[in-house]
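Note sheet for the following structure.
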Amino acid sequence: MTFIKKPIFRHPSLPKNDLGLTYRDYEGLVSTLCAGCGHDSITSSVIQACYDMSLPAHKIAKLSGIGCSSKTTNYFLNQSHGFNTVHGRMPSVATGANLANRDLIYIGVSGDGDTASIGLGQYCHAIRRQLNLTYIVENNGTYGLTKGQFSATNDKNSKNKKGNDNPFGAIDLALMAIELGAGFVARSFSGDKEQLVPLIKTAIAYNGFSLIDVISPCVTFNNHQYSTKSYDYIREHNATMGELDFIPEKDSIEINYKEGENIDISLHDGTNINLHKLDASYDPRNQNDVVNKLRKYRGEGKVVTGLLYLNEEVSEMHKVLNTSKTPLNEIPLDTLCPSHDELNSINKNFT
Amino acid sequence: MMKPTDIKNPNYFHKVVDCQWACPAHTPVPEYIRLIAQRKYTEAYMVNWESNVFPGVLGRTCDRPCEPACRRVRVEEKPVAICRLKRAAADNKNNVDSYLPEIPKVKNGKKIVLIGGGPASLTVARDLMPLGYECTIYEKDPKAGGLMRTNIPSFRLPEGVIDEEVDRILDFGIIRKFNEEITSLKNILNRNYDAIFIGTGAPKGKDLNIKNRYESIENIHIGIDWLTSVAFKHTDKIGKRVIVIGGGNTAMDCCRTSLRLGGLDVKVTVRSPKADMKASDWEIEEAELEGVPIFDNHSPKEFVIDKGKLKGVIFEKMVAHYDDNGKRTLKPSGDEPVLFECDDVILAIGQENAFPWIEKDVGINFNEWGQPIVDKTTFQSTLSNVFFGGDAAWGPENIIWAVAHGHQAAISIDNYCNNTDLLDRPDPITNLMSQKMGIHEWSYPNDISNSNRFAVPHADHKLALNNINVEVELGYDEKLALDEASRCLNCDIQTIFTENLCIECDACTDICPVDCINFIQNEDEDSLRKSLRVPAINLNQDLYISDNLKTGRIMAKDEDMCLHCGLCAERCPTGAWDMQKFTYIETQAKEIKILDYVE
């Protein structure tokens with residue numbers, strides 16, 4: 001908890017985006033999380049991504065559940081729509097909001113407890129329904145808000161701060177998402193903004209369900225020498241699959257990487273991404289290959305980060321349901337609801 | 001590759017305290033502003049008095065090199081009103097007698113003579129008296145104070161303020177030889193003083209040798225002489241129409257004084273464009289507020305005399321031309337010359353030091369422009385027991401420079417009298433002390449006011465113009481002073497980084513309101529400056545560079561923009577950042593007591 005007011009003064013040469021805004025215009029309140037929390041870096045990355053993409057804040061809705069992670073929606077995009085929902089129920093509210101207004105950009109922030117425990121069912125069905133949502137899991141493997149119990153994503157071989165073993169295995173949210181049919185699955189590390197910011201931008205641009213599972217060390221309860229989600233552990237065991245460049249439609253940037261190691265992918269909205277592969281044998285579009293690789297690396301004790309899986313062909317909920325192109329909240333009530341006569345004629349079918 | 005910053009070098013953090021660095025006397029500005037904020041006016045005054053000797057005078061008249069340097073102007077329009085806060089300390093203080101240094105009854109046997117009773121000599125005497133020296137001041141005017149008394153009009157600096165601060169030093173037991181003009185240095189040398197300090201200022205106002213200059217001696221005045229004559233009440237009126245020629249602060253004082261002595265149509269003319277005028281912006285502003293028009297690009301061509309009486313001045317209009325290097329030349333515009341009619345003309349076109357009383361064969365060497373050759377560090381002339389300071393050394397500057405010279409000359413004189421090498425000068429006192437009191441508790445006020453600079457209230461316009469002794473600026477009242485004090489960013493509270501504690505979590509980078517903290521690959525300075533979050537383009541400000549961190553990166557902080565808000569330290573989970581107060585105290589000949597007044 002920080003009691004110093006953040007000064008309103010800004011660097012006078014701060015660059016501005018296409019909307020004439022600086023990144024500080026995308027800020028929220030000062031974080032009340034513990035000093036050094038990985039979540040704050042993710043907050044900064046979301047701010048940076050939205051600034052870079054020149055997104056108008058009023059076209060974004062940020063949603064979250066309960067927990068340290070879910071508090072963070074208060075710390076970015078002060079001018080956006082927001083909904084702090086019940087524990088684990090962010091996907092339902094996001095689904096409802098998305099059905100009512102398909103024109104907004106939906107960013108959901110959740111934690112390992114909110115997603116992998118109380119909200120696991122909701123998580124699965126949001127993916128299954130192909131909800132157009134950027135789902136960021138701020139994954140620290142611990143229940144920080146209730147003083148450091150193991151969460152469902154904590155690795156079996158790790159210990160808690162007092163040295164007690166974790167008796168249960170971890171849920172791998174990324175593998176699960178691939179299995180459930182998510183079209184965009186990434187894992188990242190809060191301490192690596194160079195990787196995280198382009199992933200968030202790509203996830204926002206991706207038209208469908210996108211998961212970014214961000215390992216985000218809990219400095220207070222899970223950053224000790226036995227932890228597998230500490231700053232040091234992740235830095236030592238990080239196996240980055242590739243470096244991602246996000247190239248908005250209007251920009252045409254030539255990136256010179258070694259031949260044969262790059263993949264260019266176009267997203268539905270015309271955005272291009274350029275993946276510079278660090279593991280040449282890895283193709284993020286081959287689902288079986290990806291799943292096998294992830295299992296293999298996990299067996300070797302590595303934390304695989306980067307864009308893990310991408311399928312441009314996966315659809316999104318509105319397309320599947322063939323809903324109206326006009327957002328429901330913009331359709332006048334008399335068009336949206338059947339008239340009394342219409343209702344009577346429908347009811348007649350049941351008599 | 002940049003090397004890690006050596007924060008033990010006293011100049012590194014001193015440079016970050018921009019106001020103190022810019023002050024010739026290195027007054028610890030943030031320290032006294034914090035004392036004002038705590039309403040400890042007497043202590044705030046004494047911190048100033050130790051450093052700059054004349055806080056009441058300087059709080060009204062200083063040229064304030066600290067203010068353009070103030071960090072606040074990098075993030076908003078106007079600096080903290082450092083100068084006027086100094087006055088607030090002086091206005092609100094209690095009696096300071098008990099804080100003053102003790103003057104030994106038994107003297108050390110060394111006798112010093114100081115020629116000229118201005119701020120430079122008074123500073124030397126103040127620094128030497130507590131050490132047991134016997135000091136004698138010669139002053140040609142009836143009272144000491146020099147240009148503070150003679151050249152600054154009383155509506156800007158009341159006589160009482162000068163008397164208080166000058167007498168405080170004289171009362172140390174200085175032997176006063178006032179109304180005595182020295183006409184021969186040889187005479188003084190023959191009296192066997194242990195050292196001689198020359199602080200005779202720049203008493204010679206420049207004349208303007210154009211046509212008809214000497215046809216009317218009565219109505220063409222030399223600015224500084226005229227102001228002196230007003231100060232000593234030998235002159236109490238001037239004609240209705242006055243032209244002041246010149247664009248410096250003396251010109252501003254002359255025109256405003258004229259308004260108070262009967263001038264109704266007073267104008268200032270200056271050869272150069274207005275933007276190039278030497279006067280301080282705030283002095284120009286005050287003159288204009290009182291209704292004095294400034295005619296720039298007007299070069300005086302001749303005085304017009306009618307029947308032996310001054311009728312006016314003919315001016316040629318000028319245009320400024322700038323060459324590729326920005327060097328300015330003024331050329332006639334070719335327009336018809338203009339005649340400004342007037343009753344009196346005051347020439348305020350510069351002043352210089354002059355030493356007709358120093359015999360050529362005493363051993364003091366002068367350069368080709370008649371300036372004494374004085375060592376920049378020791379203030380010693382080519383005659384080993386003669387020292388110079390203030391405007392007498394290198395020509396006109398201002399009071400705060402004279403004070404700074406005085407401190408250094410006093411150290412030299414003390415060394416000289418003790419047979420110590422003059423270059424063996426004491427180091428400054430420096431210290432770094434953590435301000436952390438507990439979790440989220442800091443012992444300095446980091447809740448900075450976002451307000452704009454508060455204006456100083458003025459006396460009623462009519463009242464002020466009717467009486468030369470009515471001070472125009474009323475000074476801040478207590479509320480305004482406290483409000484203004486809370487604008488200070490506390491630039492002496494430094495961000496200290498400890499590499500081996502850092503876990504590279506980015507918390508400091510994320511929270512910094514001005515984007516000055518970077519975790520980045522080391523490069524040479526040029527490239528590094530360009531690759532920061534926001535490029536560091538101000539080359540006058542250093543980068544704070546850490547040693548290599550675990551990931552192989554370094555921490556690089558641009559000192560230019562840092563607001564010293566402490567959020568980096570507040571958000572650091574490991575204490576790798578700490579806020580530490582940097583104390584820098586310039587050493588003087590006498591014992592310096594600043595640390596007694598601050599916490």
Side-chain angles (χ1 to χ4, degrees), chain A residues 1-16 22-24 27-48 72 75-76 140 189-194 196-197 216-221 223-224 227 230-236 238, chain B residues 71-77 439-442 444-451 489 501-516 519-520 532-538 549-553 558 560-577 579:
Chain A
M1 182 73 194
T2 295
F3 296 97
I4 305 174
K5 269 189 298 180
K6 186 164 180 174
I8 56 166
F9 299 121
R10 301 172 181 194
H11 198 299
S13 4
L14 219 50
K16 290 182 174 163
T22 72
Y23 85 87
R24 289 205 59 190
E27 284 182 343
L29 303 181
V30 170
S31 168
T32 56
L33 298 171
C34 305
C37 181
H39 297 0
D40 288 335
S41 292
I42 302 172
T43 295
S44 292
S45 302
V46 173
I47 290 170
Q48 186 67 40
T72 64
Y75 312 144
F76 58 84
N140 55 19
F189 168 44
S190 68
D192 186 359
K193 290 202 188 80
E194 278 175 35
L196 181 54
V197 173
S216 173
C218 171
V219 280
T220 305
F221 294 107
N223 194 40
H224 48 81
S227 166
S230 66
Y231 282 106
D232 286 348
Y233 186 91
I234 302 296
R235 286 198 172 110
E236 278 160 28
N238 193 341
Chain B
R71 191 166 288 265
R72 195 110 182 167
V73 297
R74 294 180 209 154
V75 287
E76 65 147 327
E77 206 183 336
I439 301 178
H440 310 305
E441 264 190 288
W442 302 93
Y444 76 103
N446 42 18
D447 192 5
I448 304 303
S449 161
N450 294 326
S451 299
L489 296 172
L501 292 176
C502 178
I503 57 169
E504 299 178 65
C505 67
D506 275 357
C508 50
T509 309
D510 292 340
I511 196 71
C512 178
V514 281
D515 294 274
C516 54
F519 289 85
I520 195 168
L532 300 184
R533 283 168 72 85
V534 184
I537 47 173
N538 184 354
L549 299 167
K550 254 188 195 167
T551 59
R553 300 179 297 177
D558 180 9
D560 187 23
M561 283 299 158
C562 175
L563 299 174
H564 301 260
C565 63
L567 276 165
C568 50
E570 178 82 6
R571 295 302 294 163
C572 180
T574 61
W577 284 109
M579 301 306 289

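Throughout, protein chains are lettered first and strands after them, A, B, ... in sequence-line order, and every chain is numbered starting at 1. Source: prediction; values computed, not measured.
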Identify which of B:Ile503, B:Leu563, B:Ile537 forms the greatest number of heavy-atom pairs closer than 4.5 Å to chain A.
B:Ile503
Heavy-atom contact with chain B under 4.5 Å, split by part of A:Phe9:
both
Carefully, step by step, assess B:Arg533 and A:His11 under the rule side-chain contact (heavy atoms from CB on, under 4.5 Å).
CA-CA 10 Å; B:Arg533 283 168 72 85; A:His11 198 299; over 6 Å; no
Is the shortest side-chain heavy-atom distance between A:Lys193 and B:Asp510 below 4.5 Å?
yes
For the atom pair CD (B:Glu504) and CG (A:Asp232), what is the distance rounded to the nearest 0.5 Å?
9.0 Å
Check: B:Pro513 main-chain N/O paired with A:Arg24 side-chain donor or acceptor under 3.5 Å
yes
Looking only at heavy atoms, the pair that brings B:Arg571 and A:Ala35 closest together is O-CB, 3.1 Å
Against chain B, work out which of A:Lys5, A:Gln48, A:Arg235 has the most heavy-atom pairs shorter than 4.5 Å and name it.
A:Arg235
Distance col, row B:Arg74:CZ vs A:Ser13:OG, nearest 0.5 angstrom, shows 12.0 Å
Given the rule in the side-chain contact (heavy atoms from CB on, under 4.5 Å) test, do B:Asp447 and A:Ile4 qualify, once you have shown the distances and angles that lead to the verdict?
CA-CA 6 Å; B:Asp447 192 5; A:Ile4 305 174; over 6 Å; no
Counterpart residues, salt bridge (charged side-chain N to carboxylate O under 4.0 Å, His left out), relative to A:Asp192 (two or more places apart):
none
Under 4.0 Å between a Lys/Arg side-chain N and an Asp/Glu carboxylate O for A:Arg10 and B:Asp515?
no
Output yes when a side-chain donor or acceptor of A:Ser41 lies under 3.5 Å from a complementary backbone atom of B:Cys505, and no otherwise.
yes
Which of the residues B:Leu567, B:Thr551, B:Asp558, B:Ile448 is involved in the greatest number of heavy-atom pairs with chain A at under 4.5 angstrom?
B:Leu567
Name all residues meeting the ring-ring contact (aromatic ring centres under 6.0 Å, His included) criterion together with A:Tyr23; count only those two or more places apart in sequence or in a different chain, and write none if there are none.
none
Under 4.5 Å from any heavy atom of chain A - which part of B:Cys512
backbone
Enter the distance from B:Ile511:CD1 to A:Asp40:CG here, rounded to the nearest 0.5 Å.
7.5 Å
For B:Cys565, is it the side chain, the backbone, both, or neither that has a heavy atom closer than 4.5 Å to a heavy atom of chain A?
both
